[in-house]
Amino acid sequence: MADLRLKNVTKSYGAVEVIKGVDLEVAHGEFCVFVGPSGCGKSTLLKMISGLESITSGDLFIGDDQVNHVAAAERGLAMVFQSYALYPHMNVRQNLSFGLENLKTPKPVIEEKINAAAKMLQIDELMDRRPRDLSGGQRQRVAIGRAVVREPRIFLFDEPLSNLDAELRVDMRSEIAQLHRQLGNTMIYVTHDQVEAMTMADKIAVLRSGLVEQFGKPLDLFNDPANIFVAGFIGSPKMNFIQGELQGNRLLLKNGETIELPESRFHLTDSAKVTLGIRPNDIAPGSDETHGLNANIRSVEQLGGDSYIYAVSDMGDNITVHRPGQVDVSVGDKLLLEVDVDTTHLFDTETGLTLRKNRTGNTSEATAQ
Amino acid sequence: MADLRLKNVTKSYGAVEVIKGVDLEVAHGEFCVFVGPSGCGKSTLLKMISGLESITSGDLFIGDDQVNHVAAAERGLAMVFQSYALYPHMNVRQNLSFGLENLKTPKPVIEEKINAAAKMLQIDELMDRRPRDLSGGQRQRVAIGRAVVREPRIFLFDEPLSNLDAELRVDMRSEIAQLHRQLGNTMIYVTHDQVEAMTMADKIAVLRSGLVEQFGKPLDLFNDPANIFVAGFIGSPKMNFIQGELQGNRLLLKNGETIELPESRFHLTDSAKVTLGIRPNDIAPGSDETHGLNANIRSVEQLGGDSYIYAVSDMGDNITVHRPGQVDVSVGDKLLLEVDVDTTHLFDTETGLTLRKNRTGNTSEATAQ
Amino acid sequence: MAKTLEFLTRTRGHGKLHWTDWFTYAYLLFGILLMFGPVVWLVMSSFKTDAELDRFPPRFLPYAAQTVELEGYSKPLPLYKVVAGDLTGETVAQVRRIGLTSQVVRLDAPEEIIKINLKDREPIERISIATENYTDLFSKFDFLRFFWNSTFITVVATVIMLIVNSMAAFALAKYKFSGRAAVMAMVIGVLMIPQTVVLVPLFIVTKELGMLDSLWGVIVPGAATPTGIFLLRQYMLTIPDEILDAARMDKASEWKIYWRIVLPLSAPAIAVLAILAIMWRWNDFLWPLIALSRSENFTLQLALNSFQGEMTTQWSSLLAMTVLTLLPVAFVFAFLQKYIATGIASTGGK
Amino acid sequence: MIRIVSFFMDLIDIPMRHAQKYLRGHTIAWVFLLPNLVLFGLFAFLPILLNVAYAFTGTDNIMLWDRTYVAGDNFAALTACSNYLDANSCELDLFWRSVHNTLLFIVLQVGIMVGVSLVTALILNRRIRARGFFRSVFFFPVLLSPVVVALIWKWILQRNGLMNAGLEQLGLERVIWMLDRNWAFAWSVFLSVWAHMGFYTLILLAGLQAIPRDVYDAATMDAAKPFRTFYRITLPLLMPTMLVVMVLALIKGVQTFDEVYAFTGGGPGSATTLIIQYIYETGFAGAPRLFGLASAASIILAVVLAALTFLQLKFTRKNADG
Amino acid sequence: EEIRLMCSSDGNECEAAMEIIQRFEADNPGVKVVMDKVPYKAILENLPVQLAAGTGPDIAKVTDLGGLNEYYLDLAPYVDRDYWETSFGDTLNWYRSGPDDDGIYGMHSQLTITGPYINKTLFEQAGVEIPAADADWDTWAEAARQVAEATQTPFPMAMDRSGHRIAGPAISYGAKLFDENGDPILVDDAFTEYVNKFVGWHNDGTMARDVWGASGGTSYQDAAQEFINGELVYYFSGSWQVQRMDSSIGDAFDWEVVGSPCGAAGCSGMPGGAGFVGFKDTKHPETVAKLIDYLAQEDNYTELTAKSLNIPAHSGVAAKGVTYIDASQKANDALNAWGAQVAKILPVAFKYQGYKNNRAMFNITLSRVSQAIVGELSVEDAMDRAKEDLATALAEAGK
Ligand SMILES: Nc1ncnc2c1ncn2[C@@H]1O[C@H](COP(=O)(O)OP(=O)(O)OP(=O)(O)O)[C@@H](O)[C@H]1O
Ligand SMILES: Nc1ncnc2c1ncn2[C@@H]1O[C@H](COP(=O)(O)OP(=O)(O)OP(=O)(O)O)[C@@H](O)[C@H]1O
Ligand SMILES: [Mg+2]
Ligand SMILES: [Mg+2]
């Protein structure tokens, strides 16, 4: 049974249509992540679910009830605001306990829950401070704590970990995952962090300017992006795209080279303009000249454990190559890149839709205008 | 010549000492990144440099001048605030132009600069909106824009990209890097993002509770962490740590197994308690039982292009393994892990200091209490 | 009707009316009655003649006796309806009244005088708006001159006051300097002394400064009001310091910060103070009365009050003048009140 | 207009920028305070000082230099009382009657004023239709001059007035309000609340605007009921403004004069004679003008008022965020 | 030469005077008279301050006649003393500082007399005989009560709330107000007797409590509205109400001016009013004097009186009688009836009106008698307090 259902929901601020018709079903207990470019409407959608923003048109169901007009307080959700929205006049403890007090939770229970949350969020030393005396990350944790102590039916998180350091972020991720397991409630989670999205989500909804581009399991989105946008958005660094034209089952690149494509994987229409998508992982310096791409190294990023090589192909496409470990190449070097055709993606250049055959069935939905 | 120099700078809020004595020299044109756990004092340090927070003790030099008491406006810096601090009553355009107007920049120049910045930040469509009508990421970009148009002598960025999506973040990263090249000015940059820190920095300062733990080039920090804290903090996922005791040049683990350590790399003192540090990249399922560690898989995270295996060794240590691509293991599986001793790190368990010999010379500084 | 009801009761787009909504509308309705009713009454009254104003019990609408011009009578005669006796139901004109009898004539036979009992007739009245209350004002004195004086004083004094007070409030709200507490105490201290009491000393000071009997003598002494400082300062306290810091980073001078950041962000408080300042200056009576003695410098309020004599007050003129002087401030209020709702509801930060 | 002002404001920037260079830290504050302090000094302090000087002089001469020094005689006269609670036992019984009246008056008036203004501001701050209109409705009485306010309510409350007509409609007895000490007093309180609540409502409205919207959103998500939202969010965050309102209500309350004077003349008897009326009648309207006595009374008033305000500030500081 | 004239009026006195002054300007080229029409409050409260500070006008129409004496310009050097003495006789004294002063300071332009109006129609309806001209207060009270009862009129009697108004009856009852040395005493037995009666009438409902009982301090309150609405049988006020009675009552009922009721000492009302004075500080004393003198000329004075519907204080004009301009027959009659009352005014009343500290005495009377009426003080206590108040006031004023 769907715990949360959006039916053709839209939202306009005056003349600006921000949410353009979103359909979504989130089952009970599911962990659903919203991703999408900055400004695409994630927060707005969250606020509409919470009841803080009115719904311009369409229906919102929580459980079996249409709740478009149910007041936010009555919906039984908890939310972590992107802007934190802490109570400036209350100390951390009061910020955390306020919601519970509203629910007439007995004092000792409140105490207990708050202490547990504070420990989990590593803010137990800060309980008597006001928000303005906290660092950015500390504030963010208080904001999380405020939602967490409530243990509501549905959790809404709006980029809750954006201001935390890597280590803490990993900790929090697992704490939230554990909380989810423990409470078994539905969670809607907005993030810009690929790792968070991929690792925490049961389902990911990819939004673009007010529309859901694809909604499905993380790996399905990664392996089976419905369109070029999703392909580009999921996975970091971003997928490489090379324009070309089909000639039978061969892809003719602009520089005249051809790449042979496995007919079994793609719907191929002769002389169609297509875009080849190659993940930075699936392209590597090689020696086989048949599938090779000539490129010049533009820059190199060494992360220690991984390296990214940014190169420009002789057709002018930007190509990113991901190598584990630390590489010893330098800017300006020539590079012969080998593409693993078995893991490539192919898209119709015009519509952006994937040309892949036998797409995994459990991708619930795939929309693209 | 140092463009920015901090000499034993401290800061207290009442009884709370937040910055406990920081020494730092940033050369002109350097890109310096501050990293550290949430609440360690990064923002505070930035505000002290900017002149917005007073310096409790110590000296701050910009160029050759001691500027402890020079007003913020006179220091010629620009800053992106962690909390954005946009002017709520001005639209985006006015937010961007305010600083330039204060410098009496001619109108057309202002116009030009603003438009360039807006294009770079992809906010050119939002120029007439007020901050409250923007999404979180859009606000953050305006905040960046406000600093960027100023082209000051020193830039201060406080987590400027935390609310942007991966793609935009990559764009912005390269824009900022380009800006840095172009202007040749000094930049101080606070981030929680490992990739940003590693890729953008000329130098990274690792802070912990008000002290600089290590200050050096990114790869030096990664390869040569001065202590266990830096080792754990730099690199994501975090380095694995296994406790043990030295027996000659062998490391005796708690479960009785031993690992042979290359004497050439470490200062080894017999029967010292030490901690072995192994990066998730440097540990892999293997077959050689001599250096092997037995572990149980606790959870697996599949990011699509990478996978993380979280396991617990038979001594109870948490061990993270990083594998490229998507792996096919499941929770509960047993794992025999092979450690690459040539890339391991060794620390004195008690002091936390590295036991490595011949540390790279150009790590300017390494402090640890 | 249903539509207006719907219009009035529409809330935030949520269907049902919460009890707080009911309370709100009940309160507002009551508010209209209690707060606005008397004001409406006042406006109606300003259209009444003095005689009608003296009347018990007062009536809401202005009435005046209906009269008729009849041949053979030099003055218009008042009309009456006869309610008892032979002429019951007829409309007659009264020629004169003697004791308890009234001499009336039929309208169609103005020559024949009939005597009827005083109690048997009722005056016929109709709504009549005494616009002369207003027109007289313009003819009686130099309305435009007083209007100009009042306007000049109000505008200049308000601008000076807003600037000077907001500067002080800014300093008191946003800087930590030694002496702040003392200045604050001083501001509150000045509030303690009622204006009435210091009028004479103030008069002496103003006289010594040579500002007496000029518009500046009215403008300047009132410009530094403790109320304004106090009000603005408390409001400015709520503006986040971080925004000021951002401006400092933008190389804004402290003056710019005051003028371009803090002042606009205080718009609601400034609007409130502007409304109050305009009102105070416009309605100020006591100080102009003592500071101005030449009628060419008089303000509207002085002129207005010149209807108050030792023993009698010409209420009809006074009320008309009241309404007339009320209008400009009412307009200003209508214009400024919307700024009260332009708060920094969202700071656009985190 | 705005542009002209802008131009001048930008001009001031130049000297201010220089001043800023030489004035370290927060000393620049004095520059901002300067114009005000000058005006204050001349038109507030100097008169107050003169007023103090008056308090130590006698005779009915108006100009200070024509008056004779009488030391503390005026204060002595004012405080000559065998029992401060019984005005009849005092040398200046009318002064003490007015003091007693004023005390009762402010207790009632300030409480009611703050309460009513707060409720009104909250209601006007809701999302209602025609907000501007309703704001005007509650503000209009503030625009009326005291004389007119008093006149209107005299009309309504007179023997044959609207109020009595209403009572008769309801089948109740007429009340001759102004003849009854208690009613006259109650109506005076009502009148001053009626006439000034718009002022405080407006201040509170502005204060409400300064509360960030998203804090309310957070409270909504925390399932706070309206009352709790009010107590725990609105009220504490409104505290700086409430402070303004409370202090001003107290001070202006004690200084209430015009409208009550025009309304009851202080009667019946001296039932509604407030302290400023006493000062006014003694020092200005009276004959001979006892300026000295009036000044002394006003100084006593100011001292008491300062004490009250101080207490009030001290008390609310604790609640407001310090 | 610019002459500043500060004027406040209850009716159209200022305008009427201005018309005459314009002729004066025409006769004296170069003289410009500017009239500053101010609220009465300004004359009462601000003029003294301005005069003390030396910033006053050249001429003003004042009511605190003796109180401002120290600032007056003596017109004697510029005018025909005989003409003034014969024409204005008694009222000249009112402007003087004391018996030894023989300066000519002010021209009394507006003479008022206190006294009662009655609602004649109510008397007729009740069938009660209107008491004779020499009837005393008790008779009137009794008659008014009967009328009110018979006609169900709410109030039998009312008196303006003013210390000046109650002085007339008290004087009629024999109140001396001054001792043998001419020093003020205010309260004596006769005064107390009248106050006792007066308070009694309030308590038994004869007097409308709403007037004296509903107000406090020294605030003025009249009962004209009640009278106009036929709710009051007998209204003790003064000559200045004629115009209002005439226009507001219309023909609703008949009203009449009757003489002040009599007491042991006589049947006196209180004279009063306002007059034009010049001030010492003026730069053009001669012009000021000339102007006032011009206004005082018989024909001008007649015109002023006729236009402003006042009782003449100029004996010549009074003797000739005045035909009031723009007044109805009824008003004309009433004004002449008031004029006839001047003769009945007792010397004490004149003296009281001319005494420079009389406003202090009026105020004291007013506030203390009010307190007795509402029961805050007994009549005895009130009178004691009044004596104390007077002593304090005189002490301050005398210094
Ligand atoms: N006014 C204050 N009073 C007391 N402590 C404060 C105050 N302001 C900040 N702190 C404390 O100082 C420490 C440093 O804060 P700072 O904002 O510099 O952290 P940060 O490194 O920027 O953290 P984050 O990454 O979370 O933004 C924090 O622990 C914070 O709680
Ligand atoms: N009041 C408003 N008026 C007009 N447009 C608005 C308003 N509020 C938000 N928007 C626009 O709606 C869009 C969606 O905003 P939203 O906050 O939902 O974005 P988001 O997906 O959360 O972005 P981010 O990742 O940057 O937080 C943005 O483009 C924003 O500019
Ligand atoms: Mg968002
Ligand atoms: Mg920070």
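Letters A, B, ... mirror the listed sequences (proteins, then strands); counts begin at 1.
- In this structure, chain A has no heavy atom under 4.5 Å from any part of B:Val300.
- Between B:Tyr308 and B:Tyr310, the ring planes are tilted. Angles from 30° to 60° get that label.
- Residue-level contacts of residues 170-180 of chain A with chain B, in order of numbering, are A:Arg173; threshold 4.5 Å between heavy atoms.
- In this structure, the portion of B:Leu168 lying under 4.5 Å from any heavy atom of chain A is its side chain and not its backbone.
- Only the side chain of A:Arg129 comes within contact range of chain B, with at least one heavy atom under 4.5 Å from a heavy atom of that chain.
- Heavy-atom distances place no part of A:Pro324 under 4.5 Å from chain B, backbone and side chain included.
- With a threshold of 4.5 angstrom between heavy atoms, B:Glu167 approaches chain A through side-chain atoms but not through N, CA, C or O.
- Of the atoms belonging to B:Gln122, not a single heavy atom falls under 4.5 Å from chain A.
- Proximity to chain A (any heavy atom under 4.5 Å) is shown, for B:Asp165, by both the backbone and the side chain.
- With a 4.5 angstrom heavy-atom cutoff, B:Gln302 touches chain A via backbone and side-chain atoms both.
- Ranked by heavy-atom pairs under 4.5 Å with chain B, the list A:Thr343, A:Asp306, A:Leu303 is led by A:Leu303.
- Per-residue counts of heavy-atom pairs under 4.5 Å with chain B were compared for A:Gly136, A:Gly137, A:Gly305; the largest is that of A:Gly305.
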